[in-house]
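Notes follow the structure.
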Amino acid sequence: MAANVPALTFVVLFLPFMGAVFAPVLIRRFGDKAAWLLALAPFFAFLHFCGFLSEVAAGEVVTGGYAWAPSFNLSFSWFLDGLSLTFALLITGIGTLIVIYSGGYMKGHPDQGRFLSFILLFMGAMLGLVVSDSFLMLFVYWELTSITSFLLIGFDHGREKARRAALQALVVTGGGGLCLLAGLVFLWNITGVTQLSLLVHMEDGLRESPFYLATLLLVLGGAFTKSAQFPFHFWLPNAMEAPTPVSAYLHSATMVKAGVYLLMRLNPVMGATPAWEILLPFFGGITLIAGTFLAVRQVDMKLMLAYTTMASLGLLVMLTGFGAPHAVEAAVLYLVAHSLFKGGFFMVVGTVDHEAGDRNVTQLRGLRSAMPITFAAAMLCALSMGGLPLFFGFLAKEEIYAALAAGNPRAVFFTGLAVIGNALMFAVAFAIAIRPFFGPPSANPKSAHEGPVALWLGPAVLAVLGLLGALFSGLAHHYVSSPMASAVSGEKVVIDITTVPHLGMPLVLSVITIGLGVFVFWRLDGARALMVRVLENLGPGPDLGFDHFVSGLVRLSVAITRFVQPGRLEVYMTATFILLALTLLVPPVVFDELPGMPAWPGSVLPQEAAFLAIALIGIFAVLRAKDRLTAIVSLGIQGFAVAVIFLLFGAPDLSFTQFMVETLSVVILALVMTRLRLSPADHRPRRQLLFDACVAVACGLGFGLLLLKSVEASFDNLLTDFFNAYSKVIAHGANVVNVIIVDFRGTDTLGEIAVVMVTGLAVLALIRVRAGKAAVSQEEEGR
Amino acid sequence: MNTLILRTVAPVLTALMLLFSIFVLLRGHNEPGGGFIGGLIAASALAIYGIAFGVAAVRRAIRFHPMAIAGAGLFISTLSGLISIFFGVPFMTGLWIYPVFFDVEVPLATVISFDLGVYLVVLGAITSIALALEQEPGPETGGEEG
Amino acid sequence: MEALFAILIGLFFAAAVYLLLSKHTVRMLLGIVLLGNAVNLLLFTTGRLTREVPPIIPTGMDQLPAGTANPLPQALILTAIVISFSFFAFLLVLTYRAYQELGTDNTDEMRLAEPRDEERPPMGY
């Protein structure tokens, strides 16, 4: 290709983000028609990725990227094999249709620009997630999809239910994201690589690692929360609070599949172990059954679809971890089929809701003649979802049964689960595709009629694709399914299943599924009533648990805040000093680092002893001071004693400074104290006094020991020698102290005088707060 | 503290202390002393003057607002550090010149002007604090701008 | 000599901490002054004690003769003294103003920012 492909790919990865930036502007300028314009961004990306199809189908892997922080081995790099390319095509292709659909669905909404902006933002994040090569990039995009999902679920933030659902999704998927981060760090530590493209070619090493199980559990924590696997499934139905385009795009076609993507991506390096083949099918199977049973119970079409989505994700996880021949192929086919029919189905329900004003499957009737195109799309989607011949869903289901059906008990068990799940999904699919459209027209909140082209284009295209993909299965397998399955299984796989029914066990199971599905569809109301009863007996689910979790968290943080911040300075001070004392005293005792008994100083000159004693008297007098004057004078005494001590030990500069400071301190202290009329003596109760004294003595002891310990070692003269050597020679000053202050460490001093300056300003400001008020009121009186 | 003795002694004492503070400042490079000590001595001098004659007298005597003096000091210090830029050496490098006045070599340096800045900051900020505290609280506090 | 100083400094710290644990802001202020001196002395002693010979290079020499005091801690302490004085002045004015505004020097009664019966945060979403 003549064009610079890596640069173009780089631009394409940022196209949705650019679209997100311009969406509000364009919507304001052109109204809802701007959606068609904005759809060009994902559409162009879609075409760009289509350009890689033949290359990837030939077994090649497209990589590229730019170094970001090479010293940390970080790069912005992408990696396109069959798996990521299929995902990229689904994201951009369905994304194009969703943007167009949103233009019609959100028409006239005051925040349409914001909505499209969020959708495009999500698209960019999801696209980045599936093409990421580096772990870090994968994680960042992973969390970005959680955040954009939060924004989209909470789009209608005026309603509490929407806020709750948004927060729930964020907590669950964001928490899972943290698990994933830990898992990725484990992967990095075990294998030493930070790139997926290198990781997937590692034949062994990971499975044998003692940390394999921990890594697996952490990665599953990320994947299961994102893909709504039991017991983290509850956020997905609640996420239906979002506008329908969001449900169609994020919560069925793309984002929830990110977990499945991750599992598929890691299958070549982490799969085919006992843990993998137990955990994945087990949780996937539970999710499949729970999802379908809960779906049957619902009457809101959107919720029915949400629960079947959960079930489908369970099926995908189950297949990914099943480990039999054809299982990966089945997962790949089902993933593509599901994205097509479920995305389309959600849009159908959205259109019905938009045009008829209702989503209740028991209320709506007879929309067939009013909305013929929508009805046709719904039928096609249902046929694919039900797994009837001629549709892509049929191929997937045949492959599923081909993978599962075997003689051993494990296979029989999971085949049973799959048959029940598929049958119930069949029933739900046709309930949505048939019930609202047949029969005498019902009285709806709105008089239903076919929506504008933006509203039926998306479902129609996806539904037709579900048919075409199966009719031209050779083409679809060559370009999409086979490369993807190869990438997932880590070896060359060719899928050749066609829509022509071929006799065998899979066909028998299909027929059983369809028969069971028809039966449930026929007795759907009875099944629903049964499910309601069963669920009531089961008691509250994890959704309620989330409420308890959140309110418990709030209560706990309130309690902790109240405990650590009771609003009493005394408590803060006590805690600080106790901690200080422990820091000083515990390590020396524990590590046996206490200083040795110091030798009694042999030659203490009388004047030295005298001034040390005066300082002590000063301290004692400050402690005992009963009135202001004593306090000020005794404070002065200890200060001057310290000044003299400095002088006696060769620090005249310090001595003079200390003298001046003590003088000024006494002066300003006297000035303020005369105005305060305060008794400096405090009256602590005896217990308090003893406790405070203990803390104080512990701190004093700690510092004393610290000092003794530090003077035990020989002194490191490095810095001092440097200053001594260069003070006169280079800095032309004989007073080394002054040279250090103004020359060697001048920048430091500059900072310090700035502090002095700021203190002056702060004092002035404090004094003037009231003065300012007085001045203003005086001025006002004068006018 | 309006005693006669203090009022008589204060002007002389203040003048002497200010002079001494400048002396301490200038000799600081080779003998004990320097900007910090000089500034503190000068601030004490002004505090004594304030105690004897009142805050207004001090404000008249120093002409500028004390914080303006401090600001000027910070400015001088920063500038002393910045001069080194023109000579292509790092910030705060000491630069010396030795001009000769009447056959006497007078060593001058950015280090000295830096110390002068320190002196002015300490003098200004602490005088400002002391004056603010000496001032009797009341309606006339608004007239601090003098 | 250092041992004697260690005792003195320990007592300085103990007194400062005891005063800082008081409820009354004025007492805490006194504690701050003592704490400043305690830290300065600690720093000074850590640089080792030398009697009476200040770190000033005699005329005609290029370096400090042996046996003079360590100049580095002195330079650090000198600025620290001035800074802690500014800090003390600021706290003094703060205490004074707080007394003027709130009419108390008891920290238990200063509850403007953290009132005693603060209401719980909302439990909903």
Side-chain angles (χ1 to χ4, degrees), chain A residues 160 163-164 167 551 554 558 567-570 573-574 577 598 601 612 619 622-623 631 635 642 649-654 657-658 661 672 676 678 680 682 692 696-697 699-701 703-704 707-708 710-711 715 719-720 723-725 728-729 734-737 740-741 752 755-756 759 762-763 766, chain C residues 1-4 6 8-11 13-15 17-18 20-24 26-27 30 33 37 42 45-46 48-57 62-64 69-72 74-75 77-79 81 83 85-86 89-90 92-93 96-97 99 105 107-108 111 114 120-121 123-125:
Chain A
E160 187 178 344
R163 291 199 299 273
R164 174 175 183 270
L167 199 67
S551 70
V554 173
V558 169
R568 291 176 59 204
L569 187 61
E570 208 189 337
M573 296 301 267
T574 312
F577 284 119
L612 289 179
I619 301 173
V622 174
L623 285 176
L635 201 65
V642 171
F649 289 91
D653 282 311
L654 292 191
T657 314
Q658 178 83 11
V661 160
V672 171
L676 280 185
L678 289 175
D682 63 343
D692 288 355
V697 168
C699 282
L701 187 68
F703 276 108
L707 182 59
L708 281 179
S710 63
V711 295
F715 188 69
L719 280 176
T720 306
F723 292 129
N724 286 351
K728 183 99 173 209
V729 184
N735 182 355
V736 185
V737 176
I740 293 175
I741 291 176
E752 272 151 4
V755 172
V756 174
T759 323
V763 167
L766 270 178
Chain C
M1 204 63 220
E2 275 86 358
L4 216 55
L8 178 73
I9 289 164
L11 287 171
F13 271 107
V17 170
Y18 181 77
L20 278 170
L21 287 174
S22 166
K23 281 190 179 69
H24 298 275
V26 177
R27 299 275 289 179
L30 302 178
V33 177
N37 279 337
L42 181 77
T45 317
T46 324
R48 305 298 187 274
L49 298 169
T50 321
R51 280 204 183 104
E52 281 174 21
V53 190
I56 290 171
I57 301 170
D62 273 348
Q63 287 199 17
L64 282 179
N70 186 355
L72 185 60
Q74 293 194 22
I77 295 168
L78 200 141
T79 45
I81 293 176
I83 296 272
F85 173 65
S86 323
F90 175 74
L92 183 67
V93 175
Y96 171 52
R97 294 288 301 148
Y99 180 71
D105 74 330
T107 53
D108 273 2
R111 305 207 53 140
E114 290 164 295
R120 286 179 165 275
M123 296 299 267
Y125 290 92

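- Of the two parts of A:V711, the backbone and the side chain both hold a non-hydrogen atom closer than 4.5 Å to a non-hydrogen atom of chain C.
- Between A:S710 and C:T46, the closest heavy-atom pair is OG-CG2, 3.8 Å.
- Looking at A:L654, the atoms closer than 4.5 Å to chain C (heavy atoms on both sides) sit in the backbone and in the side chain alike.
- Considering CD1 of A:I619 and CG of C:L8, their distance stands at 5.5 Å, rounded to 0.5 Å.
- A distance of 5.0 Å separates CG of C:N37 from CD of A:Q658, quoted to the nearest 0.5 Å.
- The candidate from A:L569, A:N724, A:T657 with the greatest count of non-hydrogen atom pairs under 4.5 Å with chain C is A:N724.
- Looking at A:V558, the atoms closer than 4.5 Å to chain C (heavy atoms on both sides) all sit in the side chain, from C-beta outward.
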Verdict with reasoning, C:F90 to A:L766, per side-chain contact (heavy atoms from CB on, under 4.5 Å): CA-CA 9 Å; C:F90 175 74; A:L766 270 178; 3.7 Å; yes
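- Residue A:L708 holds its CG atom at 9.5 Å from CD1 of C:I9, rounded to the nearest 0.5 Å.
- Atom NZ of A:K728 is separated from atom CD1 of C:I57 by 6.0 Å, given to the nearest 0.5 angstrom.
- Looking at A:F723, only its side chain comes within 4.5 Å of chain C, counting heavy atoms on both sides.
- The minimum heavy-atom distance between C:S86 and A:V756, with the atom names listed, is OG-CG2, 3.7 Å.
- In this structure, the salt bridge (Lys or Arg N to Asp or Glu O under 4.0 Å) partners of A:E570, at least two apart in sequence or on a different chain, are A:R568, C:K23.
- Between C:L21 and A:M573, the shortest heavy-atom contact is CD2-C, 3.9 Å.
- A donor-acceptor pair is defined here as one N or O able to donate and one able to accept, closer than 3.5 Å; such a pair exists between the side chain of C:Q74 and the backbone of A:G650.
- Across A:L612, A:L623, A:L719, A:N735, the residue that shares the most heavy-atom pairs under 4.5 angstrom with chain C is A:L623.
- If you measure heavy-atom distances from A:V554 to chain C, the contacts under 4.5 Å come from the side chain alone.
- When each of A:C699, A:S551, A:A734, A:G704 is checked for heavy-atom pairs under 4.5 Å with chain C, A:A734 comes out on top.
- A:F715 touches chain C through backbone and side chain together, each having a heavy atom under 4.5 Å away.
- For the pair C:A6 and A:L707, the tightest heavy-atom approach, listed with the atom from each and the gap, is CA-CD2, 3.7 Å.
- Using a 4.5 Å cut-off between heavy atoms, A:L167 touches chain C through its side chain atoms alone.
- Taking both residues in full, the closest heavy atoms of A:I740 and C:A75 are given as CG2-CB, 3.5 Å, listed atom of the first, atom of the second, then distance.
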